[in-house]
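One structure is given below, encoded as structure tokens.
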Amino acid sequence: MPKMKTKSAAKKRFSMTATGKVKAGPAGKRHGMIKRSTKFIRDVTGTMILSEPDAKIVKKYMPYDR
């Protein structure tokens with residue numbers, strides 16, 4: 001039986017919790033921090049749980065982590 005292929009981009013950007021939810025880092029923290037407000041930078045620290053419709057899409061690319 002051949003191995004299932006995963007998307008490498010999804011492996012790097014998302015991780016799964018023990019209950020099967022998808023964890024991700026918030027968008028907007030890669031560059032351009034000068035033009036962003038201090039409140040925005042503070043709010044996007046850490047990780048967040050994706051909403052169900054978004055998680056459904058991501059899970060298709062990570063077949064072994066269901």
Side-chain angles (χ1 to χ4, degrees):
M1 189 74 191
K3 287 191 204 174
M4 292 175 75
K5 296 286 187 174
T6 60
K7 294 284 185 187
S8 292
K11 280 192 300 192
K12 294 169 191 171
R13 287 166 176 79
F14 305 106
S15 61
M16 305 292 282
T17 63
T19 57
K21 295 180 180 172
V22 181
K23 259 192 332 185
K29 276 290 292 246
R30 295 291 179 189
H31 55 83
M33 291 300 108
I34 296 250
K35 61 180 97 168
R36 309 223 195 277
S37 68
T38 309
K39 181 181 183 294
F40 175 86
I41 295 170
R42 203 171 46 240
D43 286 345
V44 295
T45 56
T47 58
M48 62 181 195
I49 303 293
L50 288 185
S51 64
E52 278 305 311
D54 292 337
K56 195 173 179 183
I57 295 167
V58 171
K59 283 182 182 180
K60 279 196 281 189
Y61 297 126
M62 302 174 74
Y64 289 118
D65 290 328
R66 289 186 186 191

> In Å, rounded to the nearest 0.5 Å, how long is the span from NZ of Lys11 to CE of Met62?
Replying inline: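 So the NZ of Lys11 and the CE of Met62 are separated by 9.0 Å.
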> Which distance, rounded to the nearest 0.5 Å, do you find between the OG of Ser15 and the NZ of Lys21?
Replying inline: 13.5 Å
To check you understand the geometry: which heavy-atom pair defines the closest contact between [X] and [Y], and what is its length?
| X | Y | result |
| --- | --- | --- |
| Ala10 | Tyr61 | CB-CB, 3.9 Å |
| Phe40 | Gly28 | CE2-O, 3.6 Å |
| Pro26 | Gly46 | CD-O, 3.2 Å |

> Mind checking what makes side chain to side chain donor-acceptor pair (under 3.5 Å) contact with Thr45, not counting sequence neighbours?
Replying inline: none
> Taking the side chain as C-beta and beyond, is there a heavy-atom pair between Met16 and Lys59 under 4.5 Å?
Replying inline: yes
>> Tell me which pairs pass side chain to side chain donor-acceptor pair (under 3.5 Å) where either residue lies in residues 22-40, with sequence neighbours left out.
In response: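 Only Lys39-Asp43 qualify under side chain to side chain donor-acceptor pair (under 3.5 Å).
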> Does one hydrophobic cluster hold both Met48 and Val22, with members joined at side-chain heavy-atom distances below 4.5 Å?
Replying inline: yes
> Which residue pairs pass the salt bridge (charged side-chain N to carboxylate O under 4.0 Å, His left out) test with at least one member in residues 46-58, sequence neighbours excluded?
Replying inline: none
